[in-house]
Amino acid sequence: MEFLTKVWAKEATAPEAIEAITGAAQEKQNAKTEKASASKETSTEETTTAQKDWGYDLYPERRGETFKPKWTRVLFGLEGQENIDRFKCEENVYWCVKNGPLVKLMMGALKSSGCPIDLRRHISCEVCDPTVTGGYDPKLNQIVVCQNMARNKSMVHGVLTHEMIHMFDYCNNDMDFRNVDHLACTEIRAANLAHCSFLSAMFQGDASPFNVKEAHQNCVKSKALASVLAVRNISKADAVAAVERVFPKCYADLEPIGRRIRRNSTDQQKAYMEAPMYGYDVY
């Protein structure tokens, strides 16, 4: 082996050999560069596709991008005040944490479950796609409040309650958001406990005087289906199948709120007062 090394070194001293070796090395380097470039492009495409498939494209600031307002929308006052919107959003979040019955209940339940919320760490006001008002990022265990869509205390309270239910499921129920059945289940629970009422069902077209008994269930199914389709790139048939598969069990699970909230009732306050009966801290 040593002999072959010496022979190679002696032959390499010839100018032709040096040129040949240099050319070969250059070709090898070029091949490596092209391969790395192709690999990078493939990786970028895969990342973009994955973000779209998992709904992360709805939250551009989650990908480290800086929101840039369009001048046409700035002229109409629709964009260009992002810092002011963020301040107002954070103000509304703080108000809900101090005064919102369901938000205080959920924060107490999360604390009792070993997953206390730090406002600076776990809740973020960001600019989002106009199709969503909030979201839960399981990778960072963080709630996103869409400052450009959830603009008042009532909407922020609804977003926080909804997303805290997802956080509660992630903390307590070994929720795997890659599993469409798990995703459908937590969306059913969030719609069931935080949103649907007969009035909202009427607006959605899920209720009428002829199906009052099933109105709430239909509303929950509709909202859960819409949420699954918004954050996963799957067919509607697959999403419907997932919702139907898990609906009986997940619709019956009322933890930690303990009751379905009726519009214009005292149910929120009752749920908050009853929380210690189920072993949850209250704020």
Student check: side-chain heavy atoms of V220 and R189 closer than 4.5 Å: no
Same cluster (ILVMFWY, side-chain, under 4.5 Å), L105 and M273: yes
Shortest non-hydrogen contact between A239 and L229, atoms and distance: CB-CD2, 3.7 Å
Minimal non-hydrogen separation, V228 against A184, with atom names: CG2-CA, 3.9 Å
Any donor-acceptor pair under 3.5 Å from E187 side chain to K223 backbone: no
Heavy-atom closest contact (I165 atom, A194 atom, distance): CD1-CB, 4.3 Å
Distance in Å, D176 CG paired with D169 CG, rounded so as to fall on 0.5 Å steps: 12.5 Å
Exercise: identify the closest heavy-atom pair between L193 and I261: O-CG1, 3.5 Å
Cluster check L160, M149: I/L/V/M/F/W/Y, side chain < 4.5 angstrom: no
Separation of H195 NE2 from S227 OG (nearest 0.5 Å): 7.5 Å
Interatomic spacing from SG in C115 to CG in N141 - rounded to 0.5 Å: 7.0 Å
Any T186 side-chain heavy atom under 4.5 Å of Y170 side chain: no
Stepwise side-chain contact (heavy atoms from CB on, under 4.5 Å) check, C128 with L58: CA-CA 6 Å; C128 310; L58 301 175; 6.0 Å; no
Residues in disulfide bond (SG atoms under 2.5 Å apart) contact with C96, at least two apart in sequence or another chain: none
Shared hydrophobic cluster, L119 / Y136 (ILVMFWY, side-chain heavy atoms < 4.5 Å): yes
Residue pair C89 / E126, side-chain heavy-atom distance below 4.5 Å: no
side-chain hydrogen bond (donor to acceptor under 3.5 Å, both in side chains) partners for T161, two or more places apart: none
Within one Ile-Leu-Val-Met-Phe-Trp-Tyr cluster: V156 and I84, side-chain cutoff 4.5 Å: no
Check: P256 and Y278 side chains under 4.5 Å, non-hydrogen atoms: no
Minimum side-chain heavy-atom gap H157-L102 below 4.5 Å: yes
Test: E244 and K221 ion pair at under 4.0 Å: yes
Pairwise side-chain contact, V180 with R245, heavy-atom cut-off 4.5 Å (strictly under): yes
Under 3.5 Å: donor-acceptor pair, side chain of H216, backbone of C196: yes
Test item: H122 side-chain N/O and D118 main-chain N/O as donor-acceptor pair under 3.5 Å: yes
Any side-chain heavy-atom pair of Y59 and C146 under 4.5 Å: yes
For D238, salt bridge (charged side-chain N to carboxylate O under 4.0 Å, His left out) partners two or more places apart: none
Residues D137 and K139 bridged, charged N to O under 4.0 Å: no
Residue list, side-chain hydrogen bond (donor to acceptor under 3.5 Å, both in side chains) with T133, at least two apart or on another chain: none
Side chain proximity check, E255 to N172, heavy atoms < 4.5 angstrom: no
Heavy-atom donor-acceptor pair, N192 side chain to Y251 backbone, under 3.5 Å: yes
Distance (rounded to the nearest 0.5 Å) between Y280 OH and M107 CE: 16.0 Å
Pair R260 + D267, salt bridge at N-O below 4.0 Å: no
Cluster overlap M167 with L254, hydrophobic side-chain contacts below 4.5 Å: yes
Atom of I123, atom of I117 and distance for their closest heavy-atom approach: CD1-CG2, 4.3 Å
Summary of side chain to side chain donor-acceptor pair (under 3.5 Å) pairs that have at least one residue in residues 86-100, sequence neighbours excluded: E61-R86, R86-Q147
Selection residues 236-283 - residue pairs positive for disulfide (SG to SG under 2.5 Å), sequence neighbours left out: C185-C250
Plane angle bin for H166 and H162 - parallel if under 30°, tilted between 30 and 60°, otherwise perpendicular: perpendicular
Heavy-atom closest contact (Y272 atom, P101 atom, distance): CD1-O, 3.6 Å
C171 SG to K111 NZ distance, which is reported to the nearest 0.5 Å: 14.0 Å
